[in-house]
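Basis for what follows: all heavy atoms, side chains included, without hydrogens, waters or symmetry-related copies. Please read all numbers here as calculations on a predicted model, not as lab measurements.
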Amino acid sequence: MTSIQPTHEPALTFDFRPTLQENRLKGLWQMMSDYRMSYIAATIALAISALSKTYTYILLRFFADDVLGQSKYIGDSLTSSLIWIGLGFIGLAAFEGAFSFLSGRLAAYTAEGITRRLRDFLFDHIQRLSFSYHATTPTGDLIERVTSDVDALRRFFSEQAIGMGRIILLFVINFVAILNLNVKLALVSVIVIPLILLVSLWFFKKVTKAYEEYQAQEALLSTTLQENLTGVRVVKAFARQDYEKSKFEKDNWGKYLKGKILLLMHSMFWPLSDIVLGFQMLFGFIYGANMTIRGEISLGTYIAYIGLVVWLIWPIRNLGRIIVSTSTGMVSYSRLMEVVKQQREPLFDGKHQHEGAARGDLLFENVSFMYSDGKSDVLKNVSFHAKPGQAIALLGSTGSGKTSLVNLLPRFHEYTGGRVLLDGVELKEYSRAYLRKQIGIVEQEPFLFSRSIRENIMYGVERDVPTEEVERAAKAAAVHEVILTFPDGYNTLVGEKGVTLSGGQKQRVAIARTLLKNPRILILDDSTSSVDTETESEIREALNGLMKDRTTFIIAHRIQSVMAADLILVLDKGEVLQMGTHTEVLAQGDGMYRKIYDIQTKIDTDLEIEIARVN
């Protein structure tokens, strides 16, 4: 049954690309789309909580001045007044606690919702970025951004932004309340506040820059750790543990120094601001006490003032902490936007809407290619014709352009000169999605996911696959008998990158995965390099039947791997030096192919003689 292939990009749950703004606060506000009402409700709940706290001191003033001072009872007695005022305190405390909880819950709901869809978007977005981006961006840096920076944004929405709102609301509400008590007392209580705000803004800029450097160093440390864990076998094989340890300690020391600078800035700001604000509070207490002694304000007003001024100064004391935390959120937003702003690789951009499978007729006409960051062509005027069902072998030294050539076929990269025709239509007219459905690739270094062998083989197929098909592909790749030796057979779990399998076994599973996909064009990128001669012979025998009616590109270093090809291209520094069948190219005098053939033949002959002598 023919499956219907998508012809457009899948819709995103939420597209974060419009949130890329020069004004970071505006960008963060746009991130809150669909959650703004929840966050506004959290702010309103916070305001009610702050008002409840303020009215506690207003009630205390009423109790001291009116009930105790002037015997203005609620009801007919002091006892009833005490009961009602006690209930008032309990009610206000309940209101404060309930709305504070509601505010925190709504803020957390907003933060978790935003970061959940941000992670989903980033995961999808990173997968759709170009090969050139991934080639130049360290994996550890991307992991750091998707984990640490996203979590910093989560804390910004759940704690810092709502915390900043709490500071503003507490300050405004309590300042207005003190103004109602006594204007002179209110103005005296905020003498140093403008100075603290100016210093805080200066501190915010300094901390933002320091945190950017700290996050960059942490990303470097993550990259070092990721590379070390990925290449742990190489490290052990070359006994380079001490070298890697020194390298990690150097990066870790750099992070320590960056963190030390941040800590020093914090340790300077907080104590100094605490001392200044402490003197402000003490001055207010003394000034208010003198006003009470002079009879300018009542005792109840002074008692209420003491409570209110604490909640006026206390938020400003926490301003430094909130500023530091807010700066981390701002920096993380900028770091994430650096990823978000990267252009996605369009999968459905082709003008030619081809239905059905490709025939596999490929024509290269003076094709040249240069990487975006390169200075010279990797491929130079390459021309050849691959007819449907033919096997095209690419032979050449490392860096000769073999892999770059085949990477043009699925449009991993775009050729910069000449043209490539697939079934008479230029390759760029086809969508990348269509081409990649038609092309199967077995990489030189196969990657297996941390799943069962069955799931790895079925990975490239978007349909339910019967067990018989899976086993048929495995048999064709000469790995079926090996799989059956495992206790769980095809359900055997493969470790990270398939480390529970040998190199040859991983290669054959990867070949089975590609064969099950049943592509019209097959690319074998030195795919038998990790297997022994006997296994290579088994794989090639199976592949000979499966390559029928498929245009196959074989990249290899062994002459034996390319001798049966319909067309052999000998590449050097991006140019085709020789072309033809094995017999034709071999007959071309002292060419590179003849030299490679003679060297490998001599090695094989000497090896056979040595084995015969030992036996």
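At distances below 3.5 Å, not a single donor-acceptor pair connects side-chain atoms of T115 with backbone N or O atoms of R154. Panel note: side chain T223, backbone P138; no donor-acceptor pair is recorded below 3.5 Å. In this structure, D377 contributes its side chain and K380 its backbone to no donor-acceptor pair below 3.5 Å. The closest donor-acceptor contact from the side chain of S400 to the backbone of D572 lies at 3.5 Å or more, if one exists at all. With hydrogens and angles disregarded, no donor-acceptor distance shorter than 3.5 Å links the side chain of T137 to the backbone of H134. Side chain of K517 to backbone of M458: no donor-acceptor contact under 3.5 angstrom is found. A donor-acceptor pair is defined here as one N or O able to donate and one able to accept, closer than 3.5 Å; no such pair exists between the side chain of R119 and the backbone of V150. Side-chain atoms of H413 never come within 3.5 Å of backbone atoms of L405 as a donor-acceptor pair (strictly under, hydrogens ignored).
Using a 4.5 Å heavy-atom threshold, the side chains of L501 and L448 count as touching. Within the 4.5 Å cutoff, the side chain of D423 has heavy atoms near those of the Y430 side chain. Annotation: side chain of E469 is in contact with side chain of R463 (closest heavy-atom distance under 4.5 Å). Under the 4.5 Å side-chain criterion, counting only non-hydrogen atoms from C-beta, I439 is in contact with P410. Contact check for V494 versus N456: side-chain heavy atoms found under the 4.5 Å cut-off. Looking at L336 and L118, their side chains come closer than 4.5 Å, going by heavy atoms from C-beta outward. A 4.5 Å side-chain heavy-atom check between V382 and E575 finds every atom pair outside the cut-off. Counting heavy atoms from C-beta on, the side chains of V509 and I457 come closer than 4.5 Å.
Rounded to the nearest 0.5 Å, atoms CZ (R594) and OG1 (T601) are 8.0 Å apart. Atoms NZ and OG1, on K255 and T224 in that order, are 11.5 Å from each other to the nearest 0.5 Å. A distance of 5.0 Å separates OH in Y214 from CD in E218, rounded to the nearest 0.5 Å. Here CG of L221 is found 12.0 Å from CG of D141. Values are rounded to the nearest 0.5 Å. Taken from CG in L422 to CG in L409, the straight-line distance is 8.5 Å, to the nearest 0.5 Å.
A salt bridge links R145 with E338: the distance from a Lys NZ or Arg NE/NH1/NH2 to an Asp or Glu carboxylate oxygen falls below 4.0 Å. Remark: K595 does not engage D598 in a salt bridge, criterion side-chain N to carboxylate O under 4.0 Å. Under 4.0 Å is where a charged nitrogen must lie from a carboxylate oxygen, and between E426 and R419 no such pair does. Ion pairing between a basic and an acidic side chain is recognised when a charged N comes within 4.0 Å of a carboxylate O; R128 and D124 show such pairing.
In the model, D149 has a side-chain atom that pairs as donor or acceptor with a side-chain atom of Q215 under 3.5 Å. The closest side-chain donor-acceptor pair between E365 and S383, if any, does not fall under 3.5 angstrom. Looking at S452 and N491, their side chains never bring a donor and an acceptor atom within 3.5 Å of each other. Looking at S130 and S132, their side chains do bring a donor and an acceptor atom within 3.5 Å of each other. H582 and Y593 share a side-chain donor-acceptor pair at under 3.5 Å.
Pairs engaging residues 478-488 under the side chain to side chain donor-acceptor pair (under 3.5 Å) rule: H480-Y490 [sequence neighbours left out].
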T19 and Y333: CA distance, side-chain angles, deciding distance, side chain to side chain donor-acceptor pair (under 3.5 Å) verdict: CA-CA 10 Å; T19 67; Y333 166 81; 5.1 Å; no
From CA spacing to verdict: side-chain contact (heavy atoms from CB on, under 4.5 Å), T467, R454: CA-CA 9 Å; T467 301; R454 182 188 306 278; 3.6 Å; yes
Chi angles and distances behind the salt bridge (charged side-chain N to carboxylate O under 4.0 Å, His left out) call for R432, E414: CA-CA 11 Å; R432 290 178 175 85; E414 300 285 12; 2.8 Å; yes
Stepwise side-chain contact (heavy atoms from CB on, under 4.5 Å) check, M579 with L567: CA-CA 7 Å; M579 184 191 310; L567 182 66; 3.5 Å; yes
Trace of the side-chain contact (heavy atoms from CB on, under 4.5 Å) decision for L153 with I114: CA-CA 9 Å; L153 269 190; I114 292 171; over 6 Å; no
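F14 carries R117 over the face of its six-membered ring, with the cationic atom under 6.0 Å from the centre and within 45° of the normal.
Of the residues listed (M337, M31, Q30), the one engaging Q21 in a side-chain contact (heavy atoms from CB on, under 4.5 Å) is Q30, and it is the only one.
Aromatic ring pairs are classed by plane angle as parallel below 30°, tilted from 30° to 60° and perpendicular above 60°; the pair F449 and F447 is perpendicular.
Heavy atoms only, all atoms of each residue included: Q438 and A357 are closest at OE1-CA, 3.5 Å.
In the displayed structure, D464 atom CG is contacted under 6.0 Å by at most 12 heavy atoms of other residues, nucleotides or ligands. More than 12 heavy-atom neighbours from other residues, nucleotides or ligands sit within 6.0 angstrom of CZ on F248. Within 6.0 Å of atom CD in Q127, more than 12 heavy atoms from other residues, nucleotides or ligands are found, so the atom counts as buried in its surroundings. Within a 6.0 Å radius of NZ in K428, more than 12 heavy atoms belonging to other residues, nucleotides or ligands are found.
Taking the six-membered ring where the residue is Trp, the centroids of F369 and Y415 are separated by 6.0 Å or more. A ring-centre distance under 6.0 Å is not found for F16 and H125.
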List the atom pairs, donor and acceptor, that lie under 3.5 Å between side-chain atoms in residues 384-396 and the rest of the protein, sequence neighbours left out.
{"unit_1": "H385", "atom_1": "NE2", "unit_2": "D361", "atom_2": "OD1", "d": "3.1"}
{"unit_1": "H385", "atom_1": "NE2", "unit_2": "D361", "atom_2": "OD2", "d": "3.2"}
{"unit_1": "Q390", "atom_1": "OE1", "unit_2": "K387", "atom_2": "N", "d": "3.0"}

